[in-house]
Amino acid sequence: MLYHPPSSTHPPPHKYQDALPLRIPQQVLNRFVEERPMRCTHFDAFRFFTPDARPLNIFHDDLSQGRLHGQALHEQPGCLHANMDLFKWAVKLGPYAPSDLLEEALSLAVACRVVDMRASPYDLTALREISGAELQQQQQQQQQQQEEEGYAFPVSPIKIETEEGRREYQAEQQVLFERAQPLRARLIKAYDLFFRAYEAGREEGKDEIAEKKRGIMGHE
C-alpha cells in the first residue's frame with residue numbers, strides 16, 4: 001500500500017499514512033518490493049496494494065478475481081492477517097462463541113497487529129514506548145492501566161528489508177502461528193456445533209409445520 005515508483009501515475013492513498021512517517025526512504029521501500037517476488041495470499045491485505053504493486057504479487061491473478069475465489073485458493077494459517085481474522089469470525093458467531101474464545105482471539109489479533117506494524121515501513125517511535133519498569137508496574141495493575149491507557153506494546157522495528165529482520169519476523173510469525181492453531185480448531189468446532197444446531201432446528205420446524213398442516217386439513 002506504500003509502493004510508489006517514480007514513474008507511477010497512481011500515488012499511494014494518504015488516508016492511512018498521515019499519522020506516522022516512514023522509517024525508511026521511499027527509494028529503499030520501492031527497491032525492496034521490486035527485488036523479490038511478493039507472495040501475499042490474503043485478500044484483504046492485497047486489496048490495499050497500490051495499482052503498481054498488485055501485478056508484482058505472484059497471486060495477483062487469483063486474488064484479483066475476488067474474495068471467494070482468491071481466499072478459497074490461497075488463505076493459509078501462517079499469515080498474520082488470517083490469524084487476526086479469527087477474532088472477526090469469532091465475533092460473527094455472536095452469542096454462540098464462548099467468551100473465553102472471544103477473549104483469546106482478540107488477544108491474538110492484537111499480538112499479530114503489533115508484529116504487523118513493527119514489520120511495516122512506518123516509524124513507530126512517535127508512539128509511547130514502555131520501559132521495563134513501567135511494563136512490570138502495568139502487569140501488576142493490568143486491568144486499571146488498560147482502562148486508563150490501553151495496551152502497552154513494543155515499537156522497535158522489525159527491519160524486514162534486512163536478512164536479520166526477516167529472520168526475526170519469521171520467528172515471531174512462527175510463535176503466532178502455533179498460538180493460533182488451537183484457537184482455529186476451537187473456532188471451527190464452535191461453528192460446526194452451531195450449524196448442527198441450526199440444521200436440527202430446521203428439521204424440527206419442518207415437523208412442526210407438517211403437524212399444523214395435518215391439523216388444519218382435519219387429519220388428526
Side-chain angles (χ1 to χ4, degrees), residues 1-94 97 102 105-124 127 153 157-161 165-166 169-170 172-174 176-177 179-181 183-184 187-188 191:
M1 64 188 294
L2 291 171
Y3 176 66
H4 184 211
S7 60
S8 176
T9 58
H10 304 283
H14 289 284
K15 179 178 180 181
Y16 303 101
Q17 283 84 53
D18 287 342
L20 294 170
L22 293 178
R23 63 173 178 80
I24 58 176
Q26 183 70 50
Q27 305 94 296
V28 174
L29 190 158
N30 292 343
R31 186 168 62 250
F32 176 74
V33 171
E34 293 164 356
E35 286 180 348
R36 57 189 40 77
M38 287 192 289
R39 295 182 174 86
C40 177
T41 59
H42 193 267
F43 177 80
D44 284 320
F46 175 75
R47 68 190 180 93
F48 284 105
F49 280 26
T50 60
D52 296 287
R54 289 173 187 168
L56 301 178
N57 185 27
I58 64 173
F59 300 108
H60 166 264
D61 291 340
D62 289 328
L63 293 177
S64 295
Q65 294 184 47
R67 181 189 301 276
L68 293 180
H69 182 78
Q71 192 169 27
L73 284 176
H74 301 300
E75 190 86 318
Q76 47 89 15
C79 172
L80 290 184
H81 292 268
N83 288 327
M84 281 189 264
D85 280 350
L86 294 181
F87 177 65
K88 175 183 75 174
W89 291 110
V91 169
K92 285 180 180 290
L93 196 54
L102 280 168
L106 175 58
S107 178
L108 174 66
V110 171
C112 289
R113 185 58 173 161
V114 168
V115 172
D116 187 45
M117 286 301 298
R118 290 179 62 207
S120 76
Y122 294 117
D123 181 359
L124 305 181
L127 303 176
F153 57 89
I158 300 174
K159 300 179 180 181
I160 60 169
E161 67 276 12
R166 287 193 287 278
Y169 181 82
Q170 289 169 357
E172 295 280 1
Q173 189 179 31
Q174 181 67 30
L176 293 169
F177 162 76
R179 180 176 168 185
Q181 286 297 81
L183 284 178
R184 180 174 282 104
L187 187 58
I188 291 172
Y191 265 96

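As the structure is a computational prediction, the values presented were derived from the model and not from experiment.
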Asks: Can any side-chain N or O of Arg54 pair as donor or acceptor with the backbone N or O of Arg47 at less than 3.5 Å?
Replies: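 Flag set: sc Arg54 to bb Arg47 pair under 3.5 Å.
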Asks: Do Tyr3 and Glu34 have side chains that get closer than 4.5 Å, going by heavy atoms?
Replies: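 Tyr3 reaches Glu34 side chain to side chain.
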Asks: With heavy-atom distances below 4.5 Å as the criterion, would you say the side chains of Ile58 and Met38 are in contact?
Replies: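 A side-chain contact under 4.5 Å is absent here.
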Asks: Strictly under 6.0 Å, is that where the ring centroids of Phe49 and Phe46 end up?
Replies: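 Yes; Phe46 has its ring centre under 6.0 Å from that of Phe49.
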Asks: Charged N to carboxylate O under 4.0 angstrom, Arg23 versus Glu161?
Replies: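 Here Arg23 pairs with Glu161 in a salt bridge, since their nearest N and O are under 4.0 Å apart.
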Asks: So do Ile24 and Phe32 actually touch side chain to side chain, heavy atoms under 4.5 Å?
Replies: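 No, side chains not in contact.
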Asks: Can you find a pair of side-chain heavy atoms, one from Ile160 and one from Arg118, that are under 4.5 Å apart?
Replies: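 A side-chain contact is absent here, since even the closest heavy-atom pair is not under 4.5 Å.
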Asks: Taking side chain as C-beta onward, heavy atoms only, is Pro25 less than 4.5 Å from Val28?
Replies: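 In short, these two side chains touch, coming nearer than 4.5 Å.
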Asks: Angle between ring planes, Tyr191 versus Trp89, binned at 30° and 60°: parallel, tilted or perpendicular?
Replies: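 Correct class here is perpendicular.
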Asks: Check whether the side chains of His4 and Asp52 place a donor and an acceptor atom closer than 3.5 Å, and report yes or no.
Replies: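 Side chains of His4 and Asp52: no pair found under 3.5 Å.
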Asks: Show, in sequence, the C-alpha distance, side-chain angles and deciding distance for Leu176 and Val115, and conclude whether the side chain to side chain contact (heavy atoms under 4.5 Å, CB included) test is met.
Replies: CA-CA 9 Å; Leu176 293 169; Val115 172; 3.8 Å; yes
Asks: Is there a donor in the side chain of Asn83 and an acceptor in the side chain of Arg179, or the other way round, less than 3.5 Å apart?
Replies: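 Per modelled atom types, Asn83 and Arg179 side chains form no pair under 3.5 Å.
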Asks: State, yes or no, whether a side-chain contact exists between Leu20 and Asp123 at a heavy-atom distance under 4.5 Å.
Replies: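 No, side chains not in contact.
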Asks: Scan side-chain atoms only and decide if Asn30 and Gln26 contain a donor-acceptor pair under the 3.5 Å cut-off.
Replies: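 Per modelled atom types, Asn30 and Gln26 side chains form a pair under 3.5 Å.
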